[in-house]
K.L.:
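Quick one: the structure is below, questions incoming.
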Amino acid sequence: MVRHSGGRGWYGKVAGAALGVTVLAVGASMWTAQADPVGGGASPKVSASATPDSAVEPVDVTIAHASDAGARGVNLTIDDGPDPAWTPRVLDLLREYGVKATFCMTGVQAQAHPDLVKDVVAAGHRLCDHSVSHDTGMDRKSEAYQSKEILDAERMITKASGGVRPQYYRAPGGAFTPYSRKLAASRGMRPLGWNVDTKDFERPGTDAIVATVRRELPNGPTILFHDAGGDRTQTVEALRRLLPWLEEQGYSFGFPVR
């Protein structure tokens with residue numbers, strides 16, 4: 001399975017300082033294919049680190065790409081935050097255009113910036129579990145390790161939000177496994193993929209980010225951006241140009257299907 005790389009080592013430093021987690025840096029490009037169907041075997045067990053909730057309803061284990069806004073729907077997904085420098089700017093821009101998005105947060109960042117998590121929720125956006133430490137090698141780790149990364153992040157994000165649970169799980173770099181998908185789905189978090197990788201984390205330039213979205217949007221509605229991990233000026237400026245363009249093209253903004 002191919003995965004993101006480049007300029008992401010900051011998570012290892014942050015997570016090591018905060019949680020004593022060592023992040024394995026893995027090089028590659030992007031993930032686009034849906035993982036193999038979940039096989040048989042025992043259902044994953046929820047560990048003590050997860051937030052107990054008798055109201056949690058399991059969801060589909062397949063990786064979501066479609067939009068609940070229909071055939072002309074677009075899903076904006078914002079990964080790796082929240083970040084005090086960039087998340088507020090992204091939120092201001094989304095508010096200006098009346099757009100909702102899905103924020104895929106790491107447990108480390110959510111724990112460090114709970115006020116920003118609450119701001120995201122208060123603005124009507126949805127939360128997504130992006131693991132504790134953004135380890136793109138999770139698919140080669142033990143099931144116990146995968147469980148801890150997913151369920152601890154769920155707990156950390158829920159606590160930071162004031163009780164609002166993440167509705168999706170996006171594996172770092174697309175490093176899903178049948179086990180991680182089944183576990184997330186059992187906790188009411190739909191596995192979440194993407195169709196358009198803007199590669200904004202590489203800072204290719206605002207024009208390149210905009211061009212990528214315009215070129216690749218026919219591939220599907222879920223677009224991947226980032227609000228942490230470095231200078232996100234290009235991301236913010238690209239969104240400023242893309243949001244009105246998408247509306248002009250007749251697209252509406254929705255959330256990934258659950």
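We number each residue from 1, following the sequence as shown.
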K.L.:
For the pair T87 (side chain) and P84 (backbone), establish whether a donor and an acceptor sit closer than 3.5 Å, ignoring hydrogens and angles.
P.N.:
no
K.L.:
If you look at every heavy atom in C128 and T102, which pair is closest and at what distance?
P.N.:
CB-CG2, 3.9 Å
K.L.:
Let me see the working for L217 and N195 under side-chain contact (heavy atoms from CB on, under 4.5 Å), right down to the final yes or no.
P.N.:
CA-CA 7 Å; L217 190 56; N195 304 106; over 6 Å; no
K.L.:
Do T62 and D60 have side-chain atoms, one donor and one acceptor, less than 3.5 Å apart?
P.N.:
yes
K.L.:
Could you tell me if the side chain of E216 sits less than 4.5 Å from the side chain of T198, heavy atoms only?
P.N.:
no
K.L.:
What are the two closest heavy atoms between A238 and I209, and how far apart are they?
P.N.:
CB-CG2, 3.5 Å
K.L.:
For a side chain to side chain contact (heavy atoms under 4.5 Å, CB included) with I150, tell me which candidate from R155, M189, H130, R187 qualifies.
P.N.:
M189
K.L.:
If the condition is ring pair (Phe, Tyr, Trp, His ring centres under 6.0 Å), which residues does H125 pass it with, not counting sequence neighbours?
P.N.:
F103
K.L.:
Could you walk me through whether V236 and L93 satisfy the side-chain contact (heavy atoms from CB on, under 4.5 Å) test, starting with their C-alpha distance in whole Å, then the side-chain angles of each, then the deciding distance to 0.1 Å, before giving a yes or no?
P.N.:
CA-CA 8 Å; V236 173; L93 194 56; 4.3 Å; yes
K.L.:
List the residues meeting ring pair (Phe, Tyr, Trp, His ring centres under 6.0 Å) with Y168, not counting sequence neighbours, and say none if there are none.
P.N.:
none
K.L.:
So does G230 get a backbone contact from the side chain of W86, meaning a donor-acceptor N/O pair under 3.5 Å?
P.N.:
yes
K.L.:
State, to 0.1 Å, how close M156 and V108 come at their nearest heavy-atom pair, and which atoms those are.
P.N.:
CE-N, 3.8 Å
K.L.:
With distance as the sole test, does S147 use its side chain to make a donor-acceptor pair with the main-chain N or O of E143 at under 3.5 Å?
P.N.:
no
K.L.:
Rounded to the nearest 0.5 Å, how far does CZ of R203 lie from NE2 of H226?
P.N.:
12.5 Å
K.L.:
Would you compute the distance between atom CZ of R89 and atom CG of L94 and round it to the nearest 0.5 angstrom?
P.N.:
13.0 Å
K.L.:
After noting the C-alpha distance and the side-chain angles of L76 and F225, does the key distance pass the side-chain contact (heavy atoms from CB on, under 4.5 Å) rule?
P.N.:
CA-CA 8 Å; L76 298 183; F225 295 97; 3.9 Å; yes
K.L.:
Answer with yes or no whether the hydrophobic clustering places V257 together with V74; edges join I, L, V, M, F, W, Y residues whose side-chain heavy atoms lie under 4.5 Å apart.
P.N.:
no
K.L.:
Considering non-hydrogen atoms only, spot the tightest contact between G193 and T222 and give its length.
P.N.:
O-CG2, 3.5 Å
K.L.:
Apply side-chain contact (heavy atoms from CB on, under 4.5 Å) to K118 and list each qualifying residue two or more places apart in sequence or on a separate chain.
P.N.:
P114
K.L.:
Using only atom types and a distance under 3.5 Å, with no angle test, would you say the side chain of D139 pairs donor to acceptor with the backbone of F176?
P.N.:
no
K.L.:
In the structure I gave you, are the side-chain heavy atoms of L127 and S161 within less than 4.5 Å of one another anywhere?
P.N.:
yes
K.L.:
Tell me the closest heavy-atom pair linking Q146 and K141, and the distance in Å.
P.N.:
NE2-O, 3.1 Å
K.L.:
Atom CG in L192, atom CZ in R181: separation rounded to 0.5 Å?
P.N.:
12.5 Å
K.L.:
With a 4.5 Å limit on heavy-atom distance, are the side chains of V164 and T158 in contact?
P.N.:
no
K.L.:
Could you tell me if S180 and T177 have a donor-acceptor pair between their side chains, going purely by distance under 3.5 Å?
P.N.:
yes
K.L.:
Before accepting this row, confirm whether a basic side-chain N of the pair D92/R95 lies closer than 4.0 Å to the acidic partner's carboxylate O.
P.N.:
yes
K.L.:
Under a 3.5 Å cutoff, is there a donor and acceptor pairing between the side chains of Q167 and R258?
P.N.:
yes
K.L.:
Between I63 and V59, is there a shared hydrophobic cluster once you connect ILVMFWY residues whose side-chain heavy atoms come closer than 4.5 Å?
P.N.:
no
K.L.:
Just so I know, are the side chains of M138 and S131 near enough to count as touching, which here means a heavy-atom distance under 4.5 Å?
P.N.:
yes
K.L.:
Please determine which of L116, D115, T106 meets the side chain to side chain contact (heavy atoms under 4.5 Å, CB included) test together with P82.
P.N.:
L116
K.L.:
Write out all pairs satisfying salt bridge (charged side-chain N to carboxylate O under 4.0 Å, His left out) with one or both partners inside residues 241-250, taking only residues at least two apart or from two chains.
P.N.:
D207-R241
K.L.:
Can you check whether P204 reaches Q234 side chain to side chain, under 4.5 Å on heavy atoms?
P.N.:
yes
K.L.:
Go through the structure and list residues passing side-chain hydrogen bond (donor to acceptor under 3.5 Å, both in side chains) with D231, not counting sequence neighbours.
P.N.:
T233
K.L.:
How long is the gap from OG on S142 to NZ on K148, to the nearest 0.5 Å?
P.N.:
11.5 Å
K.L.:
Determine, stepwise, if the pair D135 / Y145 fulfils side-chain contact (heavy atoms from CB on, under 4.5 Å).
P.N.:
CA-CA 11 Å; D135 182 353; Y145 178 88; 2.6 Å; yes
K.L.:
Salt bridge check, R170 against D129: does any charged N sit closer than 4.0 Å to a carboxylate O?
P.N.:
no
K.L.:
So, applying side chain to side chain contact (heavy atoms under 4.5 Å, CB included) with I223, which one of D197, L242, V196, I78 is it?
P.N.:
V196
K.L.:
Can you pull the ring-ring contact (aromatic ring centres under 6.0 Å, His included) pairs that have at least one residue in residues 227-258, sequence neighbours excluded?
P.N.:
none
K.L.:
Decide whether V99 and L239 are clustered together by the hydrophobic rule: side chain heavy atoms of Ile, Leu, Val, Met, Phe, Trp, Tyr closer than 4.5 Å, transitively.
P.N.:
yes
K.L.:
Hey, which of T136, V132, D79, D80 is the one that makes side chain to side chain contact (heavy atoms under 4.5 Å, CB included) with P172?
P.N.:
T136
K.L.:
Please name the pair of heavy atoms, one in I157 and one in P166, separated by the smallest distance, quoted to 0.1 Å.
P.N.:
CG2-CD, 4.3 Å
K.L.:
So does R232 pair up with D200, basic N to acidic O under 4.0 Å?
P.N.:
no
